Structures are given as structure tokens and as C-alpha cells.
Amino acid sequence: MSKLGHYAHDPAIAIVTGACPHDCPDTCSWQVAVDRATGRAVDLWGMADHPITQGKLCGKVDRYLERTYHRERLTTPLKRIGPKGSGQFIPVTWEEAIAAIAANLQRVIAAHSPEAVLPYSYAGTMGLLQGEGVAAPFFNKMGASRLARTICSEAGGEGYSYTIGAKEGMAAEDYAHARLILIWGSNTLTSNLHLWPFIQQARKAGGWVIVIDPANTRTAQAADEWVAIRPGADGALALAMMHVIIGEGLHDADYVARYTVGFDALAARVQEWTPERAATITGIPAGRIRTLAREYATVRPAAIRINYGLQRHYGGGMAVRAIACLPALVGAWRKQGGGIQLSSSGAFRRLNATTLYHPELIGDRNPRTINMNRLGDALSLAPAQRARALYHPRPVDPIPTAADAGPPVHALIVYNCNPAAVCPDQGAVLDGLRRADLFTVVLEHFQTDTADYADYVLPATTQLEHWDLHRAYGHTYLSLNRPAIEPLGQSLPNSEIFRRLAAAMGYDEPCFRVQDEEILRTLVERQRHVTYQGITWERLLRDGYARLNLPDPYLPFAEGNFPTPSGKCEFYSEKMARDGYDPLPTYAPPRWQAMETSDERLGTGDFSSPVSNFSSLVCISPPAHSFLNSSFANVDRFIRRERQPVVQIHPVDAAPRRIGDGDRVRVWNERGSVLLTAAVTEDIVPGAVLAPGIWWLKQSPDGRNINQITPQDETDMGGSAMFYDVQVWVEVVTPRAAEQPETMEAPVLAGA
Ligand SMILES: Nc1nc2c(c(=O)[nH]1)N[C@H]1C(S)=C(S)[C@@H](COP(=O)(O)OP(=O)(O)OC[C@H]3O[C@@H](n4cnc5c(=O)[nH]c(N)nc54)[C@H](O)[C@@H]3O)O[C@H]1N2
Ligand SMILES: Nc1nc2c(c(=O)[nH]1)N[C@H]1C(S)=C(S)[C@@H](COP(=O)(O)OP(=O)(O)OC[C@H]3O[C@@H](n4cnc5c(=O)[nH]c(N)nc54)[C@H](O)[C@@H]3O)O[C@H]1N2
Ligand SMILES: [Mo]
């Protein structure tokens with residue numbers, strides 16, 4: 001019997017509908033069984049009738065109650081009493097905490113300027129309300145520095161949008177209709193699980209699934225074929241595929257003529273991109289590139305799923321731009337089951353959020369914008385270094401100088417984010433967080449590595465305890481989250497915390513007095529765009545979710561209608577030219593490759609040897625299966641599943657370094673170093689190492705994680721992070737034989 005069926009007839013149980021808040025394309029709808037007598041949530045499951053969730057949650061969220069009722073949940077406001085980073089705190093009342101924080105913010109604003117206050121947040125919750133819902137008007141009213149939220153998806157988002165116009169594409173459900181699926185730089189079974197049933201449906205109907213990835217991931221192992229590619233080389237593969245498709249006349253001339261611009265220029269450009277040339281860059285044999293191009297162009301319908309893995313390299317924007325040209329070139333958009341999806345977030349883009357964010361509260365002030373990837377630089381006291389953190393995403397944007405830097409950051413308000421663990425250049429971030437003259441507030445569920453550096457830690461509610469409304473980035477359903485239980489201890493929703501801070505700051509705009517349910521109801525009722533037509537508050541309360549009002553089936557570009565300036569798919573982009581880019585798809589090599597060839601190979605384009613350089617390797621750090629970025633990495637069950645922080649290395653790279661399986665190794669570069677356990681395996685391409693993330697520093701053997709070695713440098717587009725474009729050295733510290741048996745005991749944590 002289904003869980004719903006099981007509880008539905010139990011008078012002692014109330015069933016409450018909600019949505020998973022985590023940063024994942026799937027945004028599942030869930031139901032919670034609550035014991036009416038105790039008010040305690042006793043079970044939670046995926047909503048059966050939701051077309052994407054289909055009654056199943058991932059292994060992490062299935063155990064969401066263990067996270068919510070974790071014995072280390074923060075339940076009172078805390079004030080730091082020991083040195084920063086020591087984790088020594090005492091409980092204080094809300095009144096005391098709010099008053100002290102407001103006084104410190106007023107002090108910083110008076111002594112410096114509102115720009116000396118930096119909000120720092122990302123996607124701990126993807127909710128519209130508990131995300132920036134009340135935080136944005138609060139910081140807008142203050143005139144605080146703005147934050148460019150670039151840590152994840154900007155490069156790919158920009159590259160895709162230059163080509164397609166917006167982050168719109170195939171519907172997740174339509175992968176079931178594909179006959180060929182290229183999963184390109186995404187580990188679906190780990191990070192986008194609810195797409196997999198549609199892929200399986202396609203396979204049952206004879207479809208073929210190919211994974212293009214430097215790692216033989218669990219998705220690659222479950223697929224029909226793994227095409228192993230070197231990190232950052234995807235642009236070269238896409239260009240060579242276009243070379244073959246156009247060269248052999250396999251493109252859809254009719255679709256190209258009607259719905260694209262720049263075909264002739266593209267054809268000329270890709271002429272030089274022979275499969276042989278791309279083979280030396282990608283490591284994929286030229287013959288396979290040729291057949292892959294032919295298969296892609298002739299099997300109908302053909303679908304591509306890219307996600308954000310392939311754009312965490314210097315040339316990530318351009319790589320996504322090049323790949324996004326492929327479906328138009330072969331006319332894949334014409335049929336259900338053809339096209340590409342990077343993200344579905346563009347389908348939600350007509351949401352009018354002004355009632356939420358109140359941009360008008362900034363007035364005529366124009367605060368600086370700081371690139372979140374450069375938190376280390378942003379916290380520096382040296383103007384020249386701080387200037388580097390100013391957001392300047394395009395080549396045409398002037399490079400900021402020390403004169404533009406603005407005041408040092410004196411107050412940092414962190415919510416929905418764990419920068420000490422997730423940000424690049426951890427050493428620089430921790431140096432900043434350690435500054436005695438920095439006042440730091442962290443809103444959290446747990447005493448994270450970041451919270452250890454706070455002056456005040458404020459306990460926040462989890463998704464079971466508050467209202468929220470969610471868009472999605474892997475499907476087109478809007479979902480409502482209703483609170484199922486009372487807040488644990490004294491915890492409060494982010495929204496209420498910012499309302500209390502606003503009151504203490506003397507901000508008296510009406511928006512700071514509206515309660516959560518009403519904020520969301522107003523937001524839903526204010527929508528006028530046709531994509532939100534028919535989505536009412538009552539319907540969301542009743543069903544928990546609603547599909548955007550899009551045609552069904554949803555074939556956005558079957559007849560062109562690209563939301564680009566020309567209305568067509570732009571092989572040639574005027575806008576790119578104006579923004580300072582090559583207007584045609586090109587290959588922007590990753591930094592590690594440029595460094596690797598900074599010797600005698602420079603300029604020869606010869607990367608053919610699998611271990612061309614014994615001294616350095618490129619490090620990628622995609623998600624561990626059981627963690628969600630750094631969330632869940634403190635839950636006993638998931639620590640046990642992931643066992644310990646590891647680094648995968650290919651035998652051809654391990655052998656000359658005398659690295660054996662299970663050895664404790666040091667991964668290091670000019671920024672820092674981290675101790676990991678080596679896993680010697682052919683599941684990673686030679687020349688690359690893979691360290692699954694993101695471990696908490698305090699759960700790691702040397703109190704550091706992989707972001708010790710990642711750079712603050714920006715990608716070619718959007719100022720994104722280069723998490724997977726890192727040159728490292730790897731060496732043995734302790735051979736396995738000399739290791740104590742399992743030094744990394746998982747701490748005993750209470751479950752639900
Ligand atoms: N379980 C779990 N799910 C998650 C997350 C999580 O931490 N854990 N994170 C969530 C978030 S924030 C996001 S943004 C999404 C990310 O979703 P995805 O982008 O699908 O992320 P990954 O699962 O990291 O898959 C990235 C894959 O890209 C590969 N890769 C790395 N570099 C390259 C390259 O240069 N070329 C190619 N072709 N492949 C490359 C990696 O080996 C990895 O298999 O997932 C979300 N879902
Ligand atoms: N090396 C490396 N680094 C990476 C990545 C990688 O692949 N490799 N991935 C990057 C990517 S794609 C992303 S998106 C970022 C993610 O970075 P973050 O957005 O920082 O994600 P999390 O690590 O999950 O941390 C979110 C925090 O928010 C808290 N939180 C959740 N809900 C709430 C709430 O309602 N209120 C409050 N106050 N707090 C809440 C959680 O407890 C958690 O500690 O990391 C990036 N860092
Ligand atoms: Mo992300």
C-alpha cells in the first residue's frame with residue numbers, strides 16, 4: 001500500500017503537502033505524516049500523483065526527518081564567546097540577539113556606509129520566500145552591497161541564452177520520447193534522479209543513452225555507453241560534431257533556413273574543427289567523434305541533457321553555447337523527444353516578483369555588486385584585492401581598479417549558504433572570516449564551519465516548519481510548501497528573522513509587516529503573465545503543485561520562436577559581439593590545459609599523451625551521491641555511506657607517483673592543500689583526479705576540504721566559479737599499510 005493510503009485512514013495522523021527545498025533540478029513534492037497528538041512528523045514521502053516526483057524521493061530527502069530532528073539542530077540564538085572559528089558560543093534570547101545585531105549594523109553603516117554590509121546567500125533553500133523573500137527588501141532598504149549569485153550556473157546560463165535566448169528547453173517528461181539521449185556533463189542518477197525514469201522509458205522503447213563525462217559515474221555505468229572526455233574539452237567536441245554534420249550534409253537545411261541565423265559563418269568556422277583535431281583535445285578517438293555526430297544527426301528524435309558540470313571550467317560558457325547550437329542544426333526541436341535541456345528555470349521567468357523583492361527600496365542609490373565567488377577577495381582590507389571582487393562578467397565591462405573598491409566589508413550576513421565549505425579559495429575565505437573587525441551573523445540549521453566564525457548564530461526553521469513557494473530548474477511545476485510542524489525550539493523562518501531585524505533597524509515599510517502566508521498568496525494572485533494563468537492560491541493549497549500554463553506537449557522551438565534578439569537560434573550572435581565575445585562558437589580552453597602546455601607544447605595543439613605531464617593533474621570535485629553540496633554532510637547515515645573524503649586517480653597517474661589504493665594523499669597547489677584517501681580506479685580519465693564534495697571541514701582529517709585548492713578566478717561568461725578547472729599535484733603522505741585502521745570514525749549522531 002502507498003504511504004498515503006496507509007496513513008489516510010488513520011485519525012491520529014494529519015497529512016501535510018510540501019516541497020523539497022534543496023538545490024536540485026527535481027524540486028519534488030512531498031507529503032508529511034504528522035502525529036496529531038504530539039505534533040511530531042513521523043513519516044515523509046514523495047507525492048505519488050506529481051508527474052515528476054512520481055511518489056519517490058532521493059536517498060537524502062527520504063531521510064529529511066533525520067535532518068530536521070537531528071540532535072545538533074540549532075534551537076536558540078547563540079553568541080560567540082571564544083575566538084573566531086573555535087565554535088564556542090552561549091545561548092542568548094532573541095531580543096538580545098536582534099538588538100545587538102541591529103546595533104552593530106547601525107554602527108557599521110554610520111562609520112563606513114551601507115555598502116560595508118554584505119549579504120551572502122545561495123540556495124540552502126530554493127524557496128522564493130525563505131530565499132530572498134524578505135532578505136531582499138531588507139538589504140534593498142539598507143542599501144547594502146549587492147551579491148552576484150554566480151557560484152553555480154552563470155557561465156552555462158549565459159552561453160545557453162546567447163544561443164537559445166533563455167534557459168528554456170525540452171520538458172523532462174519528453175526525454176521518454178527520445179531515441180538517442182546524450183547526457184553531457186551531468187550525473188543524472190546522483191543529481192537529477194527524477195529524470196531517470198523518463199530516460200528508462202526511452203530505453204525500453206529502443207532508445208540509446210550515451211554519457212559524455214570524464215568520470216565513469218553511476219549514470220555512465222547505468223547507460224549504454226560512456227564516452228570519456230577530458231575535463232573542459234566539450235566545446236571542441238561540439239565543434240567537431242558540427243564539422244561532421246555540416247560537412248556530410250546531415251543538417252536539417254529547412255529548419256536551419258527558417259529558424260536560425262549565421263549558418264554560413266558557422267559552416268566556415270567549423271571547417272577547421274576536424275575530428276582529428278578535436279581528438280587531440282578531448283581524448284575521444286576521431287572515429288568515435290565522427291560516428292557520434294552521424295548518430296546524433298540521423299537518429300530522431302535526439303535529446304541532449306546538459307547540466308552544470310561541464311561549465312565549471314574557464315571556457316564553460318562558450319562550451320555550453322556551442323553545444324546549444326546542435327539541436328537547431330539537426331532540427332531536433334521539431335519533434336517531441338528532441339532538443340536540449342540545461343535548465344527549465346527560464347519557463348518561470350515571467351514571474352513578477354516585485355511584490356516580494358521591492359527593488360524600489362534601493363531608491364537612487366547604486367550599491368556595488370560583489371561576485372560571490374570572490375568572497376576571499378571581498379573580505380580583504382587591501383583595496384586592490386577587494387576591487388577584484390567587483391562583478392564585471394563580460395569582456396566589455398571595465399576591469400575595476402583599487403579606486404573603485406569601495407569600503408571594506410565590516411558586516412557579513414550569511415543565510416542559506418555555507419561559504420567556509422563551498423566557496424573557492426578556502427584559505428582566503430577563512431582569512432576573511434577570521435578578521436577581528438568583521439561582524440558576522442549566520443542564519444542556520446546547524447553549527448556549520450561558517451557558523452563557527454559568526455558573532456551571532458540565529459536558528460532557522462527547516463522546510464517542515466515554514467511556508468514557501470518553489471519554482472524548479474528541471475521541470476515546469478510550481479509547488480507550494482505548507483508547514484507541517486511547529487518550529488523546533490526557538491527557531492524562526494528566515495523571513496521572520498529579517499522582519500525582526502527590519503523592525504529593530506527602524507524600517508517601517510508595510511512590506512516588513514506582512515506575514516508569510518499572505519506574502520505568498522499575494523505573490524500568486526498578482527501574476528498576470530499567461531504562463532501563470534489558472535494557477536490560483538486555492539489550487540496550490542489543494543494540490544500542492546501546478547504545472548505552468550504551457551502548451552502540452554511542450555515543444556518550445558518546433559517552429560522557431562526563440563527568445564533571442566533575432567527570434568531565431570543564433571549560431572552567430574550580435575549580442576555576443578557587443579559584449580566582447582567571439583560571435584561564433586569557438587573553443588575556449590580550460591586554464592589547466594593552458595598551463596599544462598605552457599612548456600614546449602605551447603601552441604602546438606598537441607595534448608595527445610594521456611599523461612602528458614607527470615607533475616600536475618586537473619582536479620574536478622562534483623557532488624558525492626549522499627550529500628547535497630555541504631548539506632546532509634553532517635548526517636550520520638550519509639557520512640557512513642560516503643565513508644571518508646576520497647580522490648579518484650587513474651592507475652597510469654597513480655603508478656609513477658607510487659600511489660596505492662587507500663593511501664592517504666595530499667592534493668595541493670599554490671593556494672592550499674587537503675588530505676584525502678586515494679581511490680585508484682579507471683573510472684576517471686587519465687590526467688584528471690576527482691574528489692567528491694562537499695565535506696565539512698570539521699568532518700575532514702585535516703580540517704580542510706577540496707575548496708582549499710579551487711581558484712577565485714572567473715569563467716569566460718557570467719563570472720562563474722572554476723571549481724573543475726584546477727591544476728593540482730598529488731603525493732602520498734601515508735601509505736595505506738602504515739595507516740591506523742579507519743581513523744575517520746563517523747561521529748555518533750542522533751537520528752530521527
Ligand atoms: N546528490 C546531489 N544532487 C545534487 C547536488 C549535490 O550536491 N548532490 N547538487 C545540486 C546542484 S547545486 C547542482 S548545480 C546540480 C548539478 O548537477 P550536474 O551538473 O548534473 O552535476 P553533477 O552531478 O555534479 O554532474 C556533473 C558531472 O559533470 C562531470 N564533469 C566535470 N567536468 C566535466 C567536463 O568538463 N565535461 C563533461 N562532459 N563533464 C564534466 C562530472 O564528472 C560529473 O559527473 O545538482 C544538484 N543535485
Ligand atoms: N569544490 C566544489 N565546490 C562547490 C561545488 C562543487 O561542485 N565543487 N558546487 C557549487 C555549487 S553548484 C553550489 S550551488 C554551491 C552550493 O553552496 P550552498 O548554497 O552554500 O549549499 P550548501 O552547502 O548546501 O549550504 C546551504 C546551507 O544553507 C542552510 N539552509 C538550508 N535551508 C535553510 C533555511 O531555510 N534557512 C537558513 N538560514 N539556512 C538554511 C543549510 O543548513 C546549509 O548549511 O556550492 C558550490 N561549491
Ligand atoms: Mo549548484
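The shown structure was predicted, so the numbers you read here are calculated from the model rather than taken from an experiment.
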Student: What is the minimum heavy-atom distance between Ala19 and His470, and which atoms define it?
Tutor: CB-CD2, 4.3 Å
Student: Taking the side chain from Thr190 and the backbone from His625, do they hold a donor-acceptor pair closer than 3.5 Å?
Tutor: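 No, because the side chain of Thr190 does not come within donor-acceptor range (under 3.5 Å) of the backbone of His625.
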Student: For residues 563-583, which residue pairs qualify under salt bridge (Lys or Arg N to Asp or Glu O under 4.0 Å), counting only residues two or more places apart or in two chains?
Tutor: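 Output for this query lists Arg269-Asp582, Arg394-Asp579.
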Student: Which residues pass the side-chain hydrogen bond (donor to acceptor under 3.5 Å, both in side chains) test with Gln201, sequence neighbours left out?
Tutor: none
Student: Do the rings of Tyr308 and Tyr473 sit parallel, tilted or perpendicular, given the 30° and 60° boundaries?
Tutor: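 Ring orientation, 0 to 90° scale: tilted.
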Student: So, using side chain to side chain contact (heavy atoms under 4.5 Å, CB included) as the criterion, who are the partners of Leu193 when residues are at least two apart?
Tutor: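 Leu193: side chain to side chain contact (heavy atoms under 4.5 Å, CB included) contacts with Asp26, Cys58, Leu189.
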Student: Is any side-chain heavy atom of Met241 closer than 4.5 Å to one of Leu329?
Tutor: no
Student: Dump the intermediate steps for side chain to side chain contact (heavy atoms under 4.5 Å, CB included) on Ile52 and Cys28, then the final yes or no.
Tutor: CA-CA 7 Å; Ile52 307 294; Cys28 290; over 6 Å; no
Student: Taking the side chain from Asp716 and the backbone from Met318, do they hold a donor-acceptor pair closer than 3.5 Å?
Tutor: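 Present.
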Student: Report yes or no: does His650 contribute a side-chain atom to a donor-acceptor pair with the main-chain N or O of Glu682 at less than 3.5 Å?
Tutor: no
Student: Checking Tyr175 side chain against Ile304 main chain: does a donor-acceptor pair fall under 3.5 Å?
Tutor: yes
Student: I want to know whether Trp273 and Tyr587 have ring centres closer than 6.0 Å.
Tutor: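 Trp273 vs Tyr587: aromatic centres under 6.0 Å.
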Student: Would you check if there is a donor-acceptor pair between the side chains of Gln648 and Thr681 at a distance under 3.5 Å?
Tutor: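 The criterion, which ignores hydrogens and geometry beyond distance, is not satisfied for Gln648 and Thr681.
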Student: Judged by atom type as modelled, is there a donor-acceptor pair below 3.5 Å linking the side chain of His22 to the main-chain atoms of Cys24?
Tutor: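 Not at all, since once roles are kept as given, no pair shorter than 3.5 Å links the two residues.
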Student: Looking only at atom types and distance, does a side-chain atom of Arg230 sit under 3.5 Å from a main-chain N or O of Ile281, one as donor and one as acceptor?
Tutor: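 Yes, Arg230 side chain to Ile281 backbone: donor-acceptor pair under 3.5 Å.
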Student: Less than 4.5 Å apart, side chain to side chain, heavy atoms only: is that true for Phe557 and Ile164?
Tutor: yes
Student: Run Leu326 and Trp184 through side chain to side chain contact (heavy atoms under 4.5 Å, CB included) and show every step you take.
Tutor: CA-CA 13 Å; Leu326 284 165; Trp184 197 329; 3.8 Å; yes
Student: Over all heavy atoms of both residues, which pair between Leu342 and Gly156 is shortest? Give the atoms and the distance, please.
Tutor: CD2-O, 3.6 Å
Student: Given 3.5 Å as the limit, does a donor-acceptor pair link the side chain of Arg294 with the main chain of Ile245, or not?
Tutor: no
Student: Ignoring hydrogens and angles, tell me if any N or O in the side chain of Asp653 forms a donor-acceptor pair with the backbone of Pro686 under 3.5 Å.
Tutor: no
Student: Identify which one of Val689, Leu690, Leu310, Ile620 satisfies the side chain to side chain contact (heavy atoms under 4.5 Å, CB included) criterion when paired with Pro214.
Tutor: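 The side chain to side chain contact (heavy atoms under 4.5 Å, CB included) with Pro214 is passed solely by Ile620 among Val689, Leu690, Leu310, Ile620.
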Student: Taking it one step at a time, do Arg277 and Glu272 satisfy side chain to side chain contact (heavy atoms under 4.5 Å, CB included)?
Tutor: CA-CA 8 Å; Arg277 179 174 173 199; Glu272 64 191 78; 3.2 Å; yes
Student: Examine distances only and state if a side-chain atom of His194 and a backbone atom of Lys56 form a donor-acceptor pair shorter than 3.5 Å.
Tutor: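 Indeed, once roles are kept as given, a pair shorter than 3.5 Å links the two residues.
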Student: Side chains of Arg203 and Gln200 only: does a donor on one sit below 3.5 Å from an acceptor on the other?
Tutor: yes
Student: Does NZ or CZ of Arg312 lie under 6.0 Å from the centre of the six-membered ring of Tyr724, at an angle within 45° of the ring axis?
Tutor: yes
Student: Give me the one residue out of Tyr572, Phe571, Tyr162 that meets side chain to side chain contact (heavy atoms under 4.5 Å, CB included) with Pro583.
Tutor: Tyr572
Student: Please check if the side chain of Arg471 supplies one atom and the backbone of Arg349 the other of a donor-acceptor pair under 3.5 Å.
Tutor: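 It does not hold such a pair.
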Student: Looking only at heavy atoms, what is the nearest atom pair of Arg321 and Pro585, with distance?
Tutor: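 Between these two residues, the closest heavy atoms are NH2-CD, 3.6 Å.
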Student: Would you name the heavy atoms of Val211 and Ala223 that are closest together and state the gap between them?
Tutor: CG2-CB, 3.6 Å
Student: Among Val680, Val667, Ile659, exactly one meets side chain to side chain contact (heavy atoms under 4.5 Å, CB included) together with Val647. Which residue is that?
Tutor: Val667
Student: Determine, stepwise, if the pair Phe638 / Leu628 fulfils side chain to side chain contact (heavy atoms under 4.5 Å, CB included).
Tutor: CA-CA 10 Å; Phe638 300 122; Leu628 193 296; over 6 Å; no
Student: Between Gly338 and Met170, which heavy-atom pair has the shortest distance, and what is it?
Tutor: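 Minimum heavy-atom contact is O-CG, 3.3 Å.
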Student: So which atom in His313 and which in Pro590 form the shortest heavy-atom distance, rounded to 0.1 Å?
Tutor: CB-CB, 4.4 Å
Student: Report the distance from atom NZ of Lys60 to atom CZ of Arg641, rounding to the nearest 0.5 Å.
Tutor: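 Atom-to-atom, Lys60:NZ and Arg641:CZ are 10.0 Å apart.
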